Amino acid sequence: MAGQPLLELRKLRARVEGKEILKGIDLRVEEGETHAVMGPNGSGKSTLANVIAGREGYELEGEILFRGRNLLELPIEERAREGVFMAFQYPVEIPGVTNSYFLKAALNAVRKHRGEQELDAIDFLGLVREQAKLLGIDASFLDRPLNEGFSGGEKKRNEVLQMAVLNPRLAILDETDSGLDIDALRIVAAGINARWRQDGAVVVITHYQRLLNFLVPDFTHVLIDGRIVRSGDRGLAEELEERGYGWLEDEAASGESSRP
Amino acid sequence: MSGPLLERFEDARERLPGHGLPWLEDLRQGAFEHFRATGMPAPTDEDWRFTNLAPLRKHDFTPTLLAPATRSPERPEGTARARIVFRDGRFDPAHGTPDALPAGVSVRSLAHVLRDDPDRVRARLGQIADPKSRALWALNTAWFEDGALIEVAGAAKLDAPIEVEFLQSGDGSKLVTPRCLILMGPGSRAAVCERYRSTGAGPYLTNALSEAVLETDASLVHVRIQEESSTGFHLGGFASRQEAGSRLQQISIALGSRLSRFEISSLLEGEGADCALDGLYLAKGRQHVDHHTTIDHAVPHCTSRELYKGILAGQSRAVFHGRIQVRPHAQKTSASQTNRNLVISPDARVNTKPQLEILNNDVRCTHGATIGQIEEEALFYLQSRGIGPEEARALLCYAFASEVAERIPDQATRDWLRDYVDRWIREPGP
Ligand SMILES: Nc1ncnc2c1ncn2[C@@H]1O[C@H](COP(=O)(O)OP(=O)(O)OP(=O)(O)O)[C@@H](O)[C@H]1O
Ligand SMILES: [Mg+2]
């Protein structure tokens, strides 16, 4: 764990309309690591992911450093081009924009930023078809309007397809596993293990052990009421699966939260 | 502006096409008198509450016929398509008449036909668009100088649309009065694209009217692209009558003009007729764009559908008024009407109003109107993938417009429109 972390959150607070949702988050994610973030509904997990991705509308305090750069100074699209990717818990339907048109615009924006040549239609289609095939996504999805009428699982697969094509350094998966069937889960986990274990990192927000069986986390964090109340290894995820959050919620309420 | 127009009519009538044909004299005279009695529409008229023609009064528009001639620019590149061109509302012989038309299709200058073969149009001209139904249609009928007569017979096979182009010079404050007549024979099929453009930068008024008859089982796609200059005024009309089993798709693309209004009157008078009206309007700056539709379900078992969408920027104003009439015996009518507006500036305004007059219980009729903004959620999604905000907005605007744009059957027109929308959205509006 030498050198600069890929992602570092320092005392990150987020508030919406006077309501504090994130209450001081500290987190370090190093290259090659997989982190799991778990926690009860409404505890702030998606907010955390959204704030890193750059969603507007929050009053923020603290710092988000990505490879040493302060992300809070970068607009949404710059963060993406720098290599931050969030797979949405609820992917947005955009009628009128085809999946492939969108993805090509995104990929070329990212490539341009990296100083790489923009792909023409043929090269792009070659790349995206190959990735779609690996993920078991029918090529006809590429011509359909972005996420419109996609099933829950199809939307999640489509998020993973975008991730595979854009090839970010940091992938944050916000409940991407919910809705994926067991085969898709395996494929996604295998893809992530092959790619993001080498360089880059993955933060997996999930409620279930299911995905973590294939995508074994190096660290597990429990987020309750806007705070990371406990961090541990993969064992913590298993413990949560067994015991639920009640015991941690009690601890958090009595102010005895353990910090790593 | 109507005062001088009225005075000049007496002197000018001898020079209008078809002069000396008693039936046409009667038609023009009746229209003239109607216009003299009503004058230009005013906001006190319920149908004109939101569109004020007061800015027209500052100008003294002169009918092309009475205005000094404007030199024609060079002949543009020819296209493989059937195309007829009118400059300031008059047939441009430099373009000739479309050659290589398939058998059973004819595209001619209406003025030529009134000179050479008037009986061809006698039964139809002015019989679809009743001049007494609207002041502007009366004005057009009194003054029209030229336009296209398009006749299509059942056996004719047309691949590409017939293009009718109206180029306004923008010189000499002209009143340009085009008139088209489209006669679709039984079982015929065709696509017609009317285009209104300007090559100059002065004020002018286009008062255009097209009539279409669709006989039994005929099918017509009528696309109308209004791209007048920002100094031009555009008042347009389209009137159709449909016989049994016929299908009409009318698509209005309203892009230009400082003040424009397009009025449609669609009569479904044969059972099983189907009419689809679509529209896309883009307005910025101080542009005002108005669509006013009337669909008359006169007989049972007809269907109609309307989808009008607009993107409003700057301080622009859009008006949509959709009237659907279902007559007492027109049972099993199905009608739907939708108007959606995307407002991308805090100062743009929309007035939208459905008007349903349903005199029958056995009817399925739906309508809806929305005025919304770009969804932040969608914008965030696109940006979170690396797409810049300007590009993301352009994508979302095109996505909104595409629902109508994609209904244009002709690929070349669709591609042109996509580029147009893309450029329009990126140009900083005044
Ligand atoms: N824009 C907002 N305005 C008001 N409240 C918000 C907003 N965004 C989030 N919240 C609230 O903040 C809390 C945390 O929401 P968040 O979506 O981050 O939870 P989560 O941990 O992802 O929950 P889940 O497991 O259900 O996905 C919730 O109580 C939510 O209602
Ligand atoms: Mg969530």
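All chains are named by letter (A, B, ...) in the order of the sequence lines, taking the proteins before the strands, and each is independently numbered beginning at 1. These figures come from a predicted structure and were not determined experimentally.
- Contacts from residues 142-150 of chain A to chain B, taken as heavy-atom pairs separated by less than 4.5 Å, involve A:Leu146, A:Asn147 in sequence order.
- Of the atoms belonging to B:Glu403, not a single heavy atom falls under 4.5 Å from chain A.
- Scanning residues 89-120 of chain A against chain B with a 4.5 Å non-hydrogen threshold yields A:Pro91, A:Val92, A:Ile94, A:Pro95, A:Gly96, A:Val97, A:Tyr101, A:Phe102, A:Ala105, A:Ala106, A:Ala109, A:Val110, sorted by number.
- Judged purely by distance below 3.5 Å, without hydrogens or angles, the side chains of B:Glu228 and B:His234 pair a donor atom with an acceptor atom.
- Shown here is B:Arg407, whose CZ atom has more than 12 heavy atoms of other residues, nucleotides or ligands within 6.0 Å.
- Of all heavy-atom pairs between A:Met163 and A:Leu173, the closest is SD-CD2, 3.5 Å.
- Between B:Asp422 and B:Arg426, at least one side-chain nitrogen of the basic residue sits less than 4.0 Å from a carboxylate oxygen of the acidic one, meeting the salt-bridge criterion.
- Legend: residues meeting side-chain hydrogen bond (donor to acceptor under 3.5 Å, both in side chains) with B:Asp415, ordered by chain and number and at least two apart, are B:Gln411.
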Decide side chain to side chain donor-acceptor pair (under 3.5 Å) for B:His297 and B:Ser304; before the verdict, give the C-alpha distance in whole Å, the side-chain angles of both, and the deciding distance to 0.1 Å.
-> CA-CA 8 Å; B:His297 282 267; B:Ser304 69; 2.9 Å; yes
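- At a 4.5 Å heavy-atom cutoff, the contact between A:Arg55 and chain B is made by backbone and side-chain atoms alike.
- For B:Tyr420 and B:Trp424, the ring centers sit 6.0 Å or farther from each other.
- Partner B:Ile408 forms a side chain to side chain contact (heavy atoms under 4.5 Å, CB included) with one of B:Leu280, B:Ile225, B:Val221, B:Ile251 and no other, that one being B:Ile251.
- Relative orientation of the B:Phe380 and A:Phe88 rings is tilted, given thresholds of 30° and 60° on the angle between their planes.
- Between the OG atom of B:Ser252 and the CZ atom of B:Phe238 there is a distance of 11.0 Å, given to the nearest 0.5 Å.
- Aromatic ring orientation, B:Tyr308 versus B:His291: tilted (interplanar angle from 30° to 60°).
- For the pair B:Arg224 and B:Phe262, the cation-pi criterion (under 6.0 Å, within 45° of the ring axis) is fulfilled.
- Interface residues of residues 337-345 of chain B toward chain A, defined by a heavy-atom distance below 4.5 Å: none.
- Within 6.0 Å of CD on A:Glu61 lie no more than 12 heavy atoms contributed by other residues, nucleotides or ligands.
- Counting heavy atoms of neighbouring residues, nucleotides and ligands inside a 6.0 Å radius, atom CD of A:Glu56 does not exceed 12 of them.
- For the set B:Glu406, B:Glu375, B:Glu376, B:Glu377, the count of heavy-atom pairs under 4.5 angstrom toward chain A peaks at B:Glu377.
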